[in-house]
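Notes for the one structure printed next.
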Amino acid sequence: MKPTQENSNKLHLKKMIYLCCLMCFSTVAQTITTSLEPTVHDITELDIGFNRRSDNGTWWTDASFINLVGEMNPDVVRYPGGTQANYWDWREGRFLENTDKNWGNKEILKIPQFLNALPSRTKIVYVVNLARPTPSTGISVTADEATLKSDATLNLKIADMIAALDEFVAQGKEPYAVEVGNEFYFGNIESGIFEIKEIGGQFYSGWDEANNQPYVSADKKDATDITAAFYLKQCKTVVAQIKAAYPNIKFALVTTKGGNGNSARERWNNTIYDQLENNPEYAALQSDTYALTQHHYINDTYGDQTVISDINTAKIAISEGISYPTDKQSDYDMIPANYKIWYTEYGATKENAEETWATGMRYAAFTQSWLAMGSKVGQLDYHYISDNNVVKVASPMKLAPIGIAFKQLLSASADMTQLQQITFSNNPIAVNGIPSLHGYKFKNAEKETIFIINIGDSNISQVQFDNLLTYSGQPTMTQYYSNAPYISGVFEGNSNIISNMNTVNNSVAIPNFSITVIQAESGTLSVEETISASIKLYPNPIESKIHIQTTKQIEKVALYDSTGKLIQKHNTLSQNSIQVAHLQAGIYFITIETSEGIITKKLIKH
């Protein structure tokens with residue numbers, strides 16, 4: 001039959017699409033070999049997590065959001081968050097009244113509800129409100145400056161801080177650390193008693209007790225020196241009193257990334273470093289300070305501002321996650337060696353890749369690059385957990401690209417004790433001289449994991465990995481990738497983001513724009529252990545739904561209560577999940593039958 005013009009047009013279109021695909025993506029056919037850097041880093045005190053913050057709507061009491069938090073499984077969450085901490089009344093779970101901040105319709109969140117939403121392993125960093133007195137102190141936020149900056153008011157605020165810690169403990173979890181305030185180096189209105197006020201060309205800061213008035217400076221940088229010294233004086237009292245009540249809590253003090261070399265940021269840092277190191281008055285504070293904080297954002301002053309619309313602009317946006325920490329090496333180097341660096345806020349605030357897979361890849365690259373800085377890195381807290389690039393607002397809520405990338409990273413790093421960087425032979429260049437492949441091996445006594453990201457558009461047919469593993473368990477792989485990382489509005493389950501779970505052996509294919517996690521258990525495993533290692537249940541504790549993640553073919557699932565009574569039985573599952581919202585709180589056991597055998601796991605229902 002003679003082809004019609006319509007069929008000829010269709011054939012031509014298919015050819016054009018195929019040629020476009022060849023132009024957009026390349027395949028690296030040769031095997032890329034791998035090796036490990038010789039340095040083995042101890043990461044027992046490395047935590048990767050989020051900031052919490054109050055936003056409009058319902059989050060921390062939404063069952064689907066709580067499930068997603070469990071699925072992401074953060075090492076740590078910073079409460080109540082950054083700037084919000086300087087206005088926080090923990091007893092009410094909201095901002096103080098009569099300040100410059102309007103509460104609006106934000107979600108009220110008290111400590112019990114916050115803790116209820118977290119996985120049991122997640123640590124808390126409590127950012128205390130040193131900026132303003134809470135109502136329980138009996139001091140109004142509008143009191144005169146002498147009252148607000150007095151030692152008497154400070155002691156009342158510390159008593160309230162300790163009461164908050166008591167509440168955490170009463171609810172079942174002592175915070176891992178106290179962060180003594182947030183971003184006071186700006187000296188703006190959000191800084192409360194650390195605000196630097198300019199009046200008639202003069203700058204007023206700190207407190208001159210002898211004359212019962214603030215110090216006066218002709219230059220804001222001089223005023224910053226005074227504010228930093230005032231902050232340290234307050235920290236000395238705060239840390240001593242909290243440590244007396246809670247001796248195991250760690251403490252982090254406010255410092256900042258560098259500025260232009262002679263900015264207020266440098267003046268703040270230099271005062272903190274110098275006084276801690278050389279002033280005998282702060283010898284105990286220096287000993288008790290575990291970490292110094294920095295905040296870093298890829299914002300509209302860094303890199304390319306182009307809104308991504310194709311493969312090349314996506315590669316540029318993603319690659320900035322690798323390049324930014326490298327560009328900030330001096331900020332890492334300036335922290336004295338006896339402290340950890342806690343990056344308690346980092347992320348991308350420029351909106352050039354919103355809700356695209358590229359933003360998830362950029363997060364993975366950003367975190368990967370921070371880890372490469374060195375052993376001083378102790379904490380990495382992404383901007384905030386309810387960000388639209390972390391969680392998509394829907395019914396139910398779903399993981400957005402950063403949420404997926406975070407889940408992948410934590411599945412590799414959670415509870416690990418060692419880290420080694422992976423090097424790749426013949427590593428193709430993604431863009432601007434930056435290689436495509438980056439990776440780490442994590443290890444503890446039970447398992448090893450390999451975390452690899454491909455930030456380029458090359459589909460790599462074989463990457464060797466078996467030489468990286470010392471454990472003999474069957475390796476399993478979980479992989480996420482996208483062929484069009486510039487498409488916005490994507491989330492887990494969307495066709496734009498492709499996932500793959502499988503058992504693997506000596507090498508794996510690494511697709512373009514991908515995050516790959518390979519896991520191998522320690523030792524020779526029994527059949528039951530092999531099956532158990534290949535099946536993940538989340539969240540646990542459970543709220544409304546159990547998700548079963550596995551490469552095995554599930555034949556039957558049964559749920560029993562603690563007495564052995566059968567509660568549910570399923571021969572088929574919808575999306576490998578079970579509804580349990582109707583169950584009462586307690587302990588349950590789930591039996592999962594596959595073609596290779598049966599395993600039983602314990603579940604806790606809140």
Side-chain angles (χ1 to χ4, degrees), residues 78-101 110-111 124-170 174-175 177-197 205-209 212 214 226-247 249-254 272 281-282 284-285 288-289 293 344:
R78 189 174 177 238
Y79 173 91
T83 300
Q84 292 193 351
N86 293 343
Y87 295 85
W88 198 252
D89 181 356
W90 66 268
R91 297 174 191 273
E92 298 299 324
R94 55 170 293 162
F95 293 169
L96 298 165
E97 296 181 351
N98 301 316
T99 71
D100 61 295
K101 296 296 184 190
K110 298 181 182 180
I111 290 171
I124 308 297
V125 171
Y126 179 42
V127 189
V128 297
N129 185 352
L130 190 58
R132 293 170 174 83
T134 59
S136 66
T137 64
I139 306 297
S140 170
V141 293
T142 60
D144 62 84
E145 190 172 5
T147 300
L148 292 174
K149 293 183 175 180
S150 69
D151 289 343
T153 297
L154 174 60
N155 287 324
L156 291 170
K157 289 194 288 187
I158 295 171
D160 190 51
M161 296 171 193
I162 293 173
L165 296 174
D166 293 343
E167 175 67 3
F168 275 107
V169 171
E174 178 180 318
V178 163
E179 190 175 340
V180 191
N182 181 77
E183 293 185 347
F184 296 138
Y185 45 82
F186 286 129
N188 54 19
I189 192 171
E190 294 173 343
S191 302
I193 62 171
F194 304 103
E195 180 183 4
I196 298 172
K197 296 181 180 180
S205 63
W207 194 250
D208 181 353
E209 293 179 354
N212 201 36
I226 293 168
T227 302
F230 180 54
Y231 170 70
L232 276 179
K233 181 176 180 293
Q234 298 249 317
C235 286
K236 174 186 173 183
T237 307
V238 169
V239 171
Q241 291 191 30
I242 292 179
K243 184 176 175 62
Y246 287 95
I249 281 182
K250 299 183 184 299
F251 294 92
L253 303 190
V254 173
I272 300 295
E281 179 184 351
Y282 297 122
L285 178 61
D288 293 335
T289 299
T293 65
T344 52

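Bear in mind the structure is a predicted one, so any value in this text is a computation, not a measurement. Throughout, numbering of the chain's residues begins at 1 and tracks the sequence.
Here the straight-line distance linking atom CG of Leu253 with atom CG of Leu232 works out to 7.0 Å at 0.5 Å rounding. Residue Thr293 holds its OG1 atom at 6.5 Å from OH of Tyr185, rounded to the nearest 0.5 Å.
The salt bridge (charged side-chain N to carboxylate O under 4.0 Å, His left out) contacts involving residues 84-94 comprise Arg91-Asp160, where partners must be two or more places apart or lie in separate chains.
Every salt bridge (charged side-chain N to carboxylate O under 4.0 Å, His left out) that Asp288 has, sequence neighbours left out, goes to Lys243. Here Asn86 pairs with nothing under the side-chain hydrogen bond (donor to acceptor under 3.5 Å, both in side chains) rule; sequence neighbours left out. Evaluation of the salt bridge (charged side-chain N to carboxylate O under 4.0 Å, His left out) rule for Glu209 yields Lys233 as partners, not counting sequence neighbours. With sequence neighbours left out, the side chain to side chain contact (heavy atoms under 4.5 Å, CB included) criterion links Pro175 to Ile124, Tyr126, Leu165, Phe168. Every residue was checked against the side chain to side chain contact (heavy atoms under 4.5 Å, CB included) condition with Ala240, not counting sequence neighbours, and none meets it. Residues passing the salt bridge (charged side-chain N to carboxylate O under 4.0 Å, His left out) test with Glu167: none are found, sequence neighbours excluded. A search for ring-ring contact (aromatic ring centres under 6.0 Å, His included) contacts involving Phe186 returns nothing, not counting sequence neighbours. For Thr99, the side chain to side chain contact (heavy atoms under 4.5 Å, CB included) partners are Tyr87, Leu96, Lys101, Arg132, Val141, not counting sequence neighbours. With sequence neighbours excluded, the residues forming a side chain to side chain contact (heavy atoms under 4.5 Å, CB included) with Glu174 are Val169, Tyr246, Asn248, Ile249, listed by chain and number. Asn98 meets the side-chain hydrogen bond (donor to acceptor under 3.5 Å, both in side chains) test with no other residue; sequence neighbours excluded. Annotation: side-chain hydrogen bond (donor to acceptor under 3.5 Å, both in side chains) contacts of Ser150 (sequence neighbours excluded): Thr153.
Here the rule is side-chain contact (heavy atoms from CB on, under 4.5 Å) with Met161, and of Val128, Leu156, Thr134 only Val128 fits it.
Of all non-hydrogen atoms in Gly187 and Ser191, the two that sit nearest each other are N-OG, 3.6 Å.
Side-chain contact of Asn155 with Gln241: a donor-acceptor pair under 3.5 Å is present, judged by distance alone. For the residue pair Tyr79/Trp90, the side-chain donor-acceptor check at 3.5 Å is not satisfied.
Using a 4.5 Å cut-off on side-chain heavy atoms (C-beta onward), Ile193 and Gln234 make contact.
Ring geometry for Phe95 versus Trp88: interplanar angle over 60°, hence perpendicular rather than tilted (30 to 60°).
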(request) Walk me through it: do Leu130 and Phe194 pass the test side chain to side chain contact (heavy atoms under 4.5 Å, CB included)? (result) CA-CA 9 Å; Leu130 190 58; Phe194 304 103; 3.8 Å; yes

(request) Determine, step by step, whether Asp151 and Thr237 satisfy the side chain to side chain contact (heavy atoms under 4.5 Å, CB included) criterion, reporting the C-alpha distance in whole Å, the side-chain angles of both residues, the deciding distance to 0.1 Å, and the verdict. (result) CA-CA 9 Å; Asp151 289 343; Thr237 307; over 6 Å; no

